[in-house]
Amino acid sequence: MVKDGVLTFATAATFAPFETRSADGTFQGFDIDMINALAGSMGLTAKPTDMEFDGLIPALGGKRVDVINSAMYITDERQKKVDFVPYLLIGESLIVPKGNPKNITQVPRDLSGRTIAVTRGAIGERYMNAYNDELRAQGLPPMTIMTLPTNQDAMLAVQSGRADGFDTSTPTGSKILASTGETFSSAATYKNETKIGIAVRKGDTETAAAIQAALKRFVETGEYEKLLAKYQLPATSNIFTSQNASPPSTPGHGG
C-alpha cells in the first residue's frame, strides 16, 4: 500500500452513477460504495483522489495511488500499461416510456416498424443500422432510425411521442431511470460486451489478488447484487452471473 492502513484510489468523479461528488464534496456512486466495502473487508480505509481521467494511469504508474477505481473500460491499449480486476459489464439500453406501451422486449425483433432515436455518431447508431440489416434479412420491416444531435434530444423525442424508444449506454440509462421518476422504463439491454475494472500497477499481483479476494467476498455475500439494484444497473451488467463469468479467484487481466 502507498500508505499503511489505507487503500488509496484515483478516480475522475464526473461519471454518474459510478463516481460523482455532491454539493458538499462527498464522493458517491456505485464505485465509491464498492471500494469502501472492499477496503473494509481488507482491513483498510479507502481514500479517494479526484483528478482528470487522463491523469489516472500516470498517477497509478507514479505510485501516487494504489489502484484506479473509476469505471475504467478495459481495452487492449490500457492493458499494456496496467492490470485489471474486472467487476462489471457495460452495454446498451433501450429506454422507452414508463410501462413499455409498445411491448418491446427482444432486440432486434421488436424494433421492426418502430421509430428508435439515437445520438448521432454514438455506437448505438451503428448498432441500430446493423439491426436493420438483420430485420431485412429476416423479411421484417426495418425500424425508422431517428438520428439526433445529443442523448438529451433522443430522450425528449421519446418523451414527446415522436419516437418509441431511444438507445443509450447502460450507465446512462441507469442514471436516467434514477433521475426521471416515473417517466421511463428500460425495455431491453444488449451488446453487453465491454468490461470495466479496477486497475492496478502492471505486475502488481499482490494488490490484484487482494482486490480479487475482497471482490469475491463481496459477490458471495450478495452485496454486489444489492449495489446493482441500488443504482438501477441492469442484471446483464453482472459479470459474475453464470452466463458471463465465475466469481474472481486468481489474478488476471480483464478483456
Side-chain angles (χ1 to χ4, degrees), residues 1-3 5-60 64-73 84-91 93 95 98 119 150-156 159 166 168-186 189 194 196-200 211 214-215 217-219 221-235 237-239:
M1 298 293 106
V2 171
K3 184 177 179 182
V6 178
L7 180 66
T8 60
F9 68 93
T11 191
T14 57
F15 188 36
F18 293 103
E19 45 268 326
T20 57
R21 299 185 77 167
S22 62
D24 65 1
T26 303
F27 289 83
Q28 57 191 12
F30 181 97
D31 284 346
I32 306 304
D33 289 357
M34 183 182 70
I35 200 73
N36 284 334
L38 299 187
S41 76
M42 296 163 66
L44 304 171
T45 300
K47 182 179 179 181
T49 298
D50 193 10
M51 61 183 67
E52 295 292 327
F53 193 84
D54 287 349
L56 296 176
I57 290 179
L60 180 64
R64 292 164 52 197
V65 294
D66 298 308
V67 299
I68 296 169
N69 176 50
S70 196
M72 182 170 278
Y73 288 25
F84 283 100
V85 179
Y87 64 89
L88 204 70
L89 287 171
I90 297 298
S93 290
I95 305 298
K98 191 70 176 181
T119 304
T150 69
N151 196 73
Q152 181 75 8
D153 293 327
M155 182 173 70
L156 291 174
Q159 198 167 1
F166 74 98
T168 191
S169 69
T170 48
T172 301
S174 297
K175 179 183 177 183
I176 288 167
L177 294 177
S179 63
T180 56
E182 296 300 305
T183 306
F184 297 106
S185 296
S186 176
T189 60
T194 301
I196 64 176
I198 294 173
V200 303
I211 293 290
L215 185 56
R217 291 191 292 270
F218 191 59
V219 172
T221 59
E223 294 304 308
Y224 176 85
E225 287 192 346
K226 289 180 183 177
L227 202 58
L228 290 176
K230 176 180 178 180
Y231 289 98
Q232 299 193 44
L233 289 164
S237 288
N238 186 339
I239 198 171

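Given the structure is predicted, the values throughout are model-derived calculations rather than measurements. The analysis underlying the following values was restricted to heavy atoms, covering all of them including side chains, and did not include hydrogens, waters or symmetry mates.
Atom OG of S174 is separated from atom NZ of K230 by 14.0 Å, given to the nearest 0.5 angstrom. From L156, atom CG reaches atom CZ of F166 across 9.0 Å, with rounding to the nearest 0.5 Å. Taking CE of M155 as the start and OG1 of T150 as the end, the distance is 8.5 Å to the nearest 0.5 Å. Atom OG1 of residue T49 and atom CG of residue D66 lie 9.5 Å apart, to the nearest 0.5 angstrom. With rounding to the nearest 0.5 angstrom, the OG1 atom of T14 is 11.5 Å from the CZ atom of R21. Going from atom CD1 of I35 over to atom CE of M42 covers 7.5 Å, rounded to the nearest 0.5 Å.
The minimum heavy-atom distance linking N36 with A46 is given by the pair OD1-CB, 3.4 Å. Between V6 and L44, the shortest heavy-atom distance links the atoms N-CD2, 4.0 Å. Contact record, T11 with L56: N-CD2, 3.6 Å, taken as the closest heavy-atom pair. Here the closest heavy-atom approach between residue S93 and residue T170 is recorded as OG-CG2, 3.2 Å. In this structure, P17 and P171 approach most closely via the heavy-atom pair CD-O, 3.4 Å. Across every non-hydrogen atom of A12 and E19, the tightest pair is O-CG, 3.5 Å.
In this structure, the side chains of F53 and S70 come closer than 4.5 Å at one or more pairs of heavy atoms. For the pair D50 and F27, the minimum side-chain heavy-atom distance is below 4.5 Å. Side-chain atoms of I95 and T172, non-hydrogen and from C-beta on, never get closer than 4.5 Å to each other. With contacts defined as side-chain heavy-atom distances shorter than 4.5 Å, the pair F18/N69 does not qualify. Within the 4.5 Å cutoff, the side chain of I68 has heavy atoms near those of the I57 side chain. For the pair F184 and L177, the minimum side-chain heavy-atom distance is below 4.5 Å. A 4.5 Å side-chain heavy-atom check between L88 and L228 finds at least one atom pair inside the cut-off. When side chains are defined from C-beta on, Q159 does not count as touching T180, because their heavy atoms never get closer than 4.5 Å.
Between the S237 side chain and the L89 main chain, a donor and an acceptor come within less than 3.5 Å of each other. Not one N or O on the side chain of T8 forms a donor-acceptor pair closer than 3.5 Å with the backbone of K47.
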L215 vs I198, test: side chain to side chain contact (heavy atoms under 4.5 Å, CB included). Steps then yes/no.
CA-CA 10 Å; L215 185 56; I198 294 173; over 6 Å; no
Show your reasoning for whether side chain to side chain contact (heavy atoms under 4.5 Å, CB included) applies to I211 and F84.
CA-CA 10 Å; I211 293 290; F84 283 100; over 6 Å; no
Side chain to side chain contact (heavy atoms under 4.5 Å, CB included) between Y231 and D33, worked out:
CA-CA 10 Å; Y231 289 98; D33 289 357; 2.8 Å; yes
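The aromatic rings of Y87 and F30 sit parallel to each other, their planes meeting at less than 30°, with 60° as the upper class boundary.
Checked against side chain to side chain donor-acceptor pair (under 3.5 Å), K226 has the following partners two or more places apart in sequence or in another chain: E223.
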